[in-house]
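A note on names: the letters A, B, ... follow the listed sequences, proteins ahead of strands, and every chain is numbered from 1. Since we're looking at a predicted model, the values are computed, not measured.
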Number of protein chains: 2
Amino acid sequence: MTTKMGRRRANLRDVAAAAGVSVATVSRVLNAPEAVTQETRTRVQAAIDELRFVPSAAARAINSGRTRIVGALIPTLDNAIFARFLDAVESQLAPYRLSLIVATTSDDPKQEAEKAQRLVDIGVEGLIVSGITHSDVLYRLIERTQLPAIATSYFDAGYRFPTIGYDNRAAAEIALRHLTELGHRDIAVIHGPKHNNDRTRARIAGLKDAGLPVRLSFHQSHLSLGGGSTAANRILSSGKHVSALLCLSDVLATGALFTLRCNGIEVPRSMSLMGIDDLPASTFSDPPLTTVRLPVREMGCEAGKALADWVEQQQVPQSQELWPELIVRQSTAGAAG
Amino acid sequence: MTTKMGRRRANLRDVAAAAGVSVATVSRVLNAPEAVTQETRTRVQAAIDELRFVPSAAARAINSGRTRIVGALIPTLDNAIFARFLDAVESQLAPYRLSLIVATTSDDPKQEAEKAQRLVDIGVEGLIVSGITHSDVLYRLIERTQLPAIATSYFDAGYRFPTIGYDNRAAAEIALRHLTELGHRDIAVIHGPKHNNDRTRARIAGLKDAGLPVRLSFHQSHLSLGGGSTAANRILSSGKHVSALLCLSDVLATGALFTLRCNGIEVPRSMSLMGIDDLPASTFSDPPLTTVRLPVREMGCEAGKALADWVEQQQVPQSQELWPELIVRQSTAGAAG
DNA sequence: TTGACACATGTAACCAGTTACATCAATGCT
DNA sequence: AGCATTGATGTAACTGGTTACATGTGTCAA
């Protein structure tokens with residue numbers, strides 16, 4: 001009954017005392033068991049078990065100077081696109097024995113800065129952020145801590161830190177080009193909030209600068225199924241002639257599709273519909289959604305690997321461009337007339 | 001030019017030396033600025049800025065004995081149901097200044113145990129796991145570390161640690177009852193892998209034990225849209241008479257719906273279809289999906305809060321049952337004949 | 001003038017590990 | 001027998017913060 005009632009967690013010294021060895025020996029049993037005799041090893045192990053000793057992570061970290069934690073700042077988890085991105089990141093981190101802390105920002109720079117600060121306080125060794133528009137607070141933080149940081153969902157070779165992502169302008173342009181090639185000239189664009197969201201802004205800019213022979217009208221809504229649905233409703237009830245709906249995210253398109261169906265508008269016969277993202281669900285909708293595939297999973301993998309290599313081997317990664325790809329399914333067709 | 005070229009990160013002592021004060025004073029500037037004269041404070045601050053000093057999280061943790069990190073073990077992030085659960089958890093943790101590490105297990109107990117060990121190594125102060133079936137390794141780990149742990153997605157008041165979740169048997173039974181009340185007698189059940197998944201097993205058991213006047217056939221598939229789709233295909237091509245499809249997850253139902261549509265089978269006229277979960281997308285499908293709502297967001301909030309209170313105030317939470325709820329939409333109708 | 005007290009600051013012990021180096025015994029080789 | 005070498009273990013100095021306690025200075029009242 002050596003178990004002390006003083007409920008302090010046992011530490012190395014306690015174990016050493018209990019086993020009748022020095023702290024160094026206990027430490028060796030933990031980190032280099034082969035350097036210790038079988039006999040003392042078992043004795044120490046017994047003490048460890050009896051005292052329910054669990055080594056302190058903090059004490060280890062202080063010596064190694066490492067926490068083996070990286071952080072990701074994303075707008076939300078409640079959107080398949082970010083969730084699968086993170087899923088990919090996490091899967092790449094595991095082999096490096098790095099762990100991932102997730103912090104959501106709701107696309108709010110202030111929240112982002114706060115949570116970034118907390119991540120730094122925790123001692124993350126690297127950071128993944130979404131997009132390339134961030135508060136000065138965040139920039140200063142990264143600069144002063146010299147923290148490896150990678151921006152994703154956006155490609156910009158000239159950015160202050162490496163970006164791994166795609167060209168949002170191009171993605172939108174690909175979609176629009178597809179619609180114009182089908183003969184659409186009056187297109188309504190449904191997009192999520194522009195405020196604090198450079199991906200959305202870039203996509204809109206890509207549309208405007210594409211120089212294609214179309215009349216575009218823009219309709220902002222929440223980035224959700226409901227948002228897409230109500231935006232489509234607004235468009236329909238406006239009475240303006242439109243032969244195609246271009247949604248800047250698949251969620252919006254799925255929402256819009258619902259409204260179209262409710263109003264008896266056949267897709268693609270009476271209205272073409274496009275998205276951007278290529279969510280798994282887009283293959284299984286009715287009709288299957290024509291969209292522009294954004295390689296989020298690859299992006300997650302690449303970002304995870306790049307950050308891990310940076311953290312582990314001081315290998316500053318190159319910015320890396322991934323390519324959006326037109327996926328023609330059945331929600332688009334030639335414009336009537 | 002006091003910046004040393006020796007690229008070691010500056011520490012408290014460096015700052016103290018640079019500012020010509022003691023370490024205690026620097027520490028005070030950081031943690032209790034009001035206890036220091038305005039004048040020395042600015043001097044110290046200048047040194048901090050110049051040396052780009054960032055306090056070591058590990059060193060702080062070693063003193064406070066706290067990491068302010070909790071961990072969550074979930075099967076995958078690439079499924080809306082877990083993603084939104086985590087989104088909710090994270091949102092609750094933020095006000096407590098706790099951070100969340102996410103580890104995915106692919107429903108594999110070995111991976112779960114490994115990742116749990118890593119979480120403990122990192123020094124998490126609490127743990128959230130999915131379901132109530134886990135490897136002994138995990139149990140021993142939790143027992144020896146005395147780590148606050150909460151199991152979710154399952155309610156079992158007698159479990160070894162608190163559960164916050166719903167009765168999966170009941171959820172399935174609710175669904176089945178709805179179908180039988182509509183007169184369905186031949187029902188095909190589509191479910192995800194049973195192996196290592198007690199939620200699925202409980203739902204199946206709930207169906208079998210319901211004692212309702214039906215003939216059930218069971219069809220296992222991947223827990224994905226594609227899985228639901230191919231399972232539905234198998235059912236259709238088997239030629240057996242079935243008037244309703246009961247999917248034990250909404251993803252499966254959405255996949256099955258796709259197949260039904262492809263085969264020109266009208267829902268609900270020729271075939272009723274039900275899911276369990278109530279994903280956001282289920283409201284916007286065609287037809288909108290009748291389902292059993294599982295309160296995942298609430299579950300995330302409650303689990304987050306409960307764990308935070310446990311960690312912060314040693315308040316061991318009660319197990320908490322949340323109630324599944326039948327959501328009748330338009331994918332179910334009376335059985336023909 | 002002196003004691004009491006507040007206030008700013010410094011000293012050094014502490015947290016819980018790791019690890020360079022020292023010690024010591026046992027073995028091997030000449 | 002004597003010396004070098006190997007292997008197991010111990011000692012104590014680190015890591016980078018926090019903090020109890022000590023010190024020193026200045027203000028005020030008796």
Side-chain angles (χ1 to χ4, degrees), chain A residues 4 6-45 47-48 51-68 120-125 145, chain B residues 4 6-48 51-69 120-125 144-146:
Chain A
K4 294 213 194 66
R7 266 281 148 263
R8 195 179 99 267
R9 244 177 80 186
N11 63 24
L12 251 201
R13 264 100 185 158
D14 299 333
V15 175
V21 297
S22 73
V23 288
T25 302
V26 180
S27 180
R28 279 185 205 108
V29 170
L30 262 36
N31 303 307
E34 70 284 355
V36 179
T37 343
Q38 174 64 44
E39 192 260 323
T40 45
R41 201 189 311 170
T42 52
R43 195 147 41 90
V44 170
Q45 195 58 55
I48 288 177
L51 297 177
R52 297 161 178 281
F53 168 69
V54 182
S56 144
R60 282 195 158 152
I62 209 180
N63 285 293
S64 64
R66 304 220 29 197
T67 55
R68 308 200 74 84
V120 168
D121 289 344
I122 287 165
V124 295
E125 302 184 43
T145 56
Chain B
K4 294 216 193 67
R7 268 278 148 264
R8 196 180 100 266
R9 243 176 83 185
N11 64 22
L12 250 202
R13 265 97 183 162
D14 299 333
V15 175
V21 297
S22 73
V23 287
T25 301
V26 179
S27 180
R28 280 184 204 110
V29 170
L30 262 34
N31 303 307
E34 70 284 356
V36 178
T37 345
Q38 174 65 43
E39 191 259 325
T40 46
R41 200 189 312 170
T42 53
R43 194 147 42 90
V44 170
Q45 196 57 55
I48 287 176
L51 297 177
R52 296 160 176 284
F53 168 68
V54 182
S56 145
R60 283 194 157 153
I62 211 180
N63 285 293
S64 65
R66 306 220 26 198
T67 56
R68 309 199 73 84
I69 302 177
V120 168
D121 289 344
I122 287 166
V124 294
E125 301 183 43
R144 91 188 318 250
T145 57
Q146 300 281 313

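Contacts between residues 55-65 of chain A and DNA chain D, counted as heavy-atom distances below 4.0 Å, involve A/I62, A/N63. Of the residues in residues 32-48 of chain B, those placing a heavy atom less than 4.0 Å from an atom of DNA chain C are B/V36, B/T37, B/T40, in numerical order.
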Check residues 22-30 of chain B and write down every donor-acceptor pair under 3.5 Å in which the side-chain atom is one partner and the other belongs to a residue at least two apart or another chain.
from  : atom 1 : to    : atom 2 : distance (Å)
B/S22 : OG     : B/A24 : N      : 3.4
B/S22 : OG     : B/T25 : N      : 3.4
B/S22 : OG     : B/T25 : OG1    : 3.3
B/S27 : OG     : B/N31 : ND2    : 3.4

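Between the side chain of B/R144 and the backbone N or O of A/V54 there is no donor-acceptor pair closer than 3.5 Å.
Rounding to the nearest 0.5 Å gives a distance of 9.5 Å between OG of A/S56 and CG of A/N11. Atom CD1 of residue B/I69 and atom CD1 of residue A/I122 lie 4.5 Å apart, to the nearest 0.5 angstrom. From A/I48, atom CD1 reaches atom CG of A/L12 across 8.0 Å, with rounding to the nearest 0.5 Å. Once rounded to the nearest 0.5 Å, the distance linking CZ of A/R52 with OG1 of B/T145 reads 9.5 Å. Note that CD1 of A/I62 and CD1 of B/I62 are 4.5 Å apart. Values are rounded to the nearest 0.5 Å.
Atom C1' of nucleotide D/dT18 and atom CG of B/L30 are separated by 11 Å, given to the nearest angstrom. Atom CG in B/L12 sits roughly 14 Å away from atom C1' in C/dG10 (whole-Å rounding). Computed from coordinates, the B/N31 CG to D/dG17 C1' distance equals 9 Å when rounded to whole Å. Taking atom CG of residue A/D14 and atom P of nucleotide C/dC15, one finds them 10 Å apart after rounding to whole Å. Whole-Å rounding puts the B/R28 CZ to D/dT18 C1' distance at 10 Å.
Residues passing the salt bridge (charged side-chain N to carboxylate O under 4.0 Å, His left out) test with B/E39, sequence neighbours excluded: B/R43.
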Dump every N/O contact between nucleotides 25-28 of chain D and the protein below 3.5 Å, one line per pair.
none

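Residue B/R9 places no side-chain atom within donor-acceptor reach of the base of D/dG16, judged by atom type and a 3.5 Å distance cut-off alone.
Residue B/A47 comes nearest to B/A18 through the heavy atom pair CB-CB, 4.0 Å, listed as atom of the first residue, atom of the second, then distance. A/G123 and B/A57 get closest at one heavy-atom pair: N-CB, 3.7 Å.
Residues A/E125 and A/T67 meet the side-chain proximity criterion, which asks for heavy atoms closer than 4.5 Å. Between B/V36 and B/V44 the shortest side-chain heavy-atom distance does not fall below 4.5 Å.
Taking only side-chain atoms of B/T25, from C-beta outward, the nucleotide of C/dT9, C/dA16, C/dT11 with the closest atom is C/dT9.
If one axis is set at each end of the helix from C/dT1-D/dA30 to C/dT30-D/dA1 from five pairs, those axes are 50° apart, to 10°.
Put simply, A/N11 has no side-chain N or O that comes within less than 4.0 Å of OP1 or OP2 on C/dC15.
When each of A/G20 and A/R13 is assigned the nucleotide of DNA chain D with its nearest heavy atom, A/G20 is the one assigned upstream, toward the 5' end.
Residue B/S27 is classed as a base contact, given a heavy-atom separation below 4.0 Å to a base.
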